[in-house]
K.L.:
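I am attaching a structure below and will ask some questions about it afterwards.
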Number of protein chains: 2
Amino acid sequence: MRVQPEQALTLAAITTEGTFDAAAQRLHLTPSAVSQRVRALEIAIGRPVLRRVRPVELTPAGEAVVRFGRQLELLSSDLSDQLEPSENGSTPRITLVVNSDSLHTWALPGLVKAADHVQLTILREDQDHSLELLRRGTAHGAVTATGTPMPGCSSRPLGVMRYRPVCTPAFAAKWFADGVTGTTLATAPVVTYDDKDDLQDRYLRRQCRTTLQPPRHYVPATHELGQAIQLGLGWGMLPDLQLAGLDSGTVTALTPSAHLDVPLHWQQWRLTSTALDHVASAITESAQALQP
Amino acid sequence: MRVQPEQALTLAAITTEGTFDAAAQRLHLTPSAVSQRVRALEIAIGRPVLRRVRPVELTPAGEAVVRFGRQLELLSSDLSDQLEPSENGSTPRITLVVNSDSLHTWALPGLVKAADHVQLTILREDQDHSLELLRRGTAHGAVTATGTPMPGCSSRPLGVMRYRPVCTPAFAAKWFADGVTGTTLATAPVVTYDDKDDLQDRYLRRQCRTTLQPPRHYVPATHELGQAIQLGLGWGMLPDLQLAGLDSGTVTALTPSAHLDVPLHWQQWRLTSTALDHVASAITESAQALQP
DNA sequence: GAAGCATCATAAGATCATCTTATGATGCGA
DNA sequence: TCGCATCATAAGATGATCTTATGATGCTTC
């Protein structure tokens, strides 16, 4: 038997919501109806589509069905758009994942322009999570650091984010009076985004060839991380694009020539949707800022 | 109200079949049910989707719905394929338009290779018609002479078909003993595909700078047109690729250096279907034969 | 560990969309 | 003019799917 569109859309809703009951609410149905739809779907394709845990976990078959459902949603939005270009009640919603630094520095301007006919859901997540969100179908596209496309996705390079180690002149005078050496770097406090943020460690390794454990402060917001550094909380890695926005003289590079390049890529589902196309080209346009 | 997938698929079936009754048969329904589905659809989107003539003619809104339906069909096939790679009962059907010369000379070999997991419907049509079939959603892809993509389609260049004016040595001796001039060209009979085939006229214009009206024979089949020329029915424009297959000496060029280049493009719907992707790459591979 | 809550499954009947049957109108060709 | 093909509509039949009701399970909280 064939998978019914309704069934696929239901499974997609369950995946985004995480539970049957939440999906039922979203679909304006009783939980029982949702349960029955899932059962019917599983009977139709002859195997389970998800594991009943919280939140639900899709089986491979379930993932295929959800992909179908998501594409159907977009197709449907496209059709509505063609039929009633005026009525904007049901403009499609595109969900994308952008890491915090990109969102803060370059991603937003282009996206704003694309938002005429699209409703955006921007998820601010780090690398690991962003690929997971793509895989689960929660997001349609993502800015990632890995260029190899997920199965079912296409990937295109966006450019390179260049990070530099910076601090205030006062901070440098206090901690690096004897120069930026293994000794001083081991004691000077560093400000990072969170405990997964390894940019600083990569710099330290390149600089000293050993693993250092300086004091660390975590500031999990890009703008505020910049502020923290400007206030002398520590030194840290900031993108060139963010540095360009600071008043000159407020921060200084630890080692002027040193920098870390993080290549960024746009990954999106291989599906046809004018809405998604809009967003993709908007991101690409924004990423012009990443070109040297 | 939203367009239901069933309704879109129904309209698509009506379009391919031409009448409600034929569509009903294909869908294993009564004509009445089909009629009611169409009515429900028209009420849902608030305007007619087709004109009730034979065969039916879609309105712009109807065309949008049919496109949606066709894409849904492909999506659905893809899903089935993913869920049951073994059961090949419902391999997707891809419809493409290829002009006669391309079909005869270069298009088929690659397509044959792609046919493992795809059922092909090849429509042999000339330029005007092929774009129309694309637009109406009857075909998923087409080999066209125009490179500017239709709305909703993507286009990629395939290469160039080079045509040369040829005839038999005997024909040349009889008609062109005084050389290939405006005078001789005006009287020597020419063989063309049909009355829309303007390759010969383009050659004549380029050769003489005036419009000539030589006697014309129409042979609406590529292979047979070649045979006709070999039998001395007239001179005509044949693709290099076709000439390569003829025994040497059977035909000779009217003006050895003269040739007409027809650039070819592959246009297809911008949608994600592994089946369509297969066909597209097969066509592109075949088109290697068009590279100089 | 008992109570409370959230979650999913199942049975059974209600509801509603959609199909079939039956009939009629229209247009076209023989 | 008849016959045929086509599409529309009314009305009842059908059947899928929903809601209601209830129960099982597992996790949290006190």
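Keep in mind it's a predicted model, so treat the numbers as computed, not measured.
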K.L.:
Mind calculating the distance between CZ (A/Arg39) and C1' (C/dT7) to the nearest angstrom?
P.N.:
17 Å
K.L.:
If you only use heavy atoms from C-beta on, which nucleotide in C/dT20, C/dT7, D/dC7 is closest to the side chain of B/Thr30?
P.N.:
C/dT20
K.L.:
Can you tell me if B/Thr121 and B/Arg93 form a side-chain donor-acceptor pair at under 3.5 Å?
P.N.:
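Yes - a donor-acceptor pair under 3.5 Å links their side chains.
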K.L.:
Roughly, in whole Å, what's the span from CG in A/Leu41 to P in C/dC8?
P.N.:
15 Å
K.L.:
Give the rounded distance in Å between these two atoms: CG of B/Leu27 and C1' of C/dC19.
P.N.:
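Between C1' of C/dC19 and CG of B/Leu27: 13 Å.
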K.L.:
Please state whether the phosphate of D/dA8, meaning OP1 or OP2, lies under 4.0 angstrom from any side-chain nitrogen or oxygen of B/Ser35.
P.N.:
yes
K.L.:
Examine the side chains of B/Ser100 and B/Thr222 and answer whether a donor and an acceptor come within less than 3.5 Å of each other.
P.N.:
yes
K.L.:
How many Å lie between CD on A/Glu42 and P on C/dT10, as a whole number?
P.N.:
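Taking CD of A/Glu42 and P of C/dT10, I get 10 Å after rounding.
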K.L.:
Between B/Ile43 (CD1) and D/dT9 (C1'), how many Å, whole number?
P.N.:
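Taking atom C1' of D/dT9 as the reference, CD1 of B/Ile43 is at 12 Å.
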K.L.:
Please name all residues satisfying side-chain contact (heavy atoms from CB on, under 4.5 Å) with A/Asp198, sequence neighbours left out, ordered by chain then number.
P.N.:
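A/Asp198: side-chain contact (heavy atoms from CB on, under 4.5 Å) contacts with A/Arg202.
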K.L.:
At less than 3.5 Å, do the side-chain atoms of B/Ser32 and the base atoms of C/dT21 form a donor-acceptor pair?
P.N.:
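Such a pair is found, so the answer is yes.
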K.L.:
Return the value, rounded to whole Å, for the distance between atom CG of A/Leu11 and atom P of C/dC8.
P.N.:
12 Å
K.L.:
Counting side-chain heavy atoms from CB outward, which of D/dC7, C/dC8, D/dC18 is closest to A/Arg37?
P.N.:
D/dC18
K.L.:
Regarding A/Glu73 and A/Ser77, is there a side-chain donor-to-acceptor distance under 3.5 Å anywhere?
P.N.:
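Per modelled atom types, A/Glu73 and A/Ser77 side chains form no pair under 3.5 Å.
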K.L.:
Can you tell me how far P of C/dT26 sits from CZ of B/Arg51, to the nearest Å?
P.N.:
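Taking CZ of B/Arg51 and P of C/dT26, I get 19 Å after rounding.
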K.L.:
Determine whether the side chains of B/Arg67 and A/Gln82 contain a donor N or O and an acceptor N or O closer than 3.5 Å.
P.N.:
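Distance-only check passes for B/Arg67 and A/Gln82.
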K.L.:
Please state how far atom CG in B/Leu50 lies from atom C1' in D/dA8, giving the value in whole angstrom units.
P.N.:
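Answer to the nearest Å: 13 Å.
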K.L.:
Examine the base of C/dT20 for any acceptor or donor lying under 3.5 Å from a partner atom in the side chain of B/Gln36, and report the outcome as yes or no.
P.N.:
yes
K.L.:
What is the ring orientation for A/His104 with A/His223, classed by angle as parallel under 30°, tilted 30 to 60°, or perpendicular over 60°?
P.N.:
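Answer is tilted, since the angle falls between 30° and 60°.
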K.L.:
Please list, for nucleotides 28-30 of chain C, all pairs of protein and nucleotide N/O atoms separated by less than 3.5 Å.
P.N.:
none

K.L.:
Given C/dT20, D/dC18, D/dA8, which nucleotide is nearest the side-chain atoms of B/Leu29?
P.N.:
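Side chain of B/Leu29 sits closest to C/dT20.
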K.L.:
Measuring from the side chain of B/Arg52 (C-beta onward, heavy atoms only), which nucleotide among C/dT10, C/dT7, D/dC7 has the closest atom?
P.N.:
D/dC7
K.L.:
Regarding B/Thr10 and B/Glu6, is there a side-chain donor-to-acceptor distance under 3.5 Å anywhere?
P.N.:
no
K.L.:
Across the strands shown, which category fits B/Thr19 at heavy-atom distances under 4.0 angstrom: base, sugar-phosphate, nothing?
P.N.:
sugar-phosphate
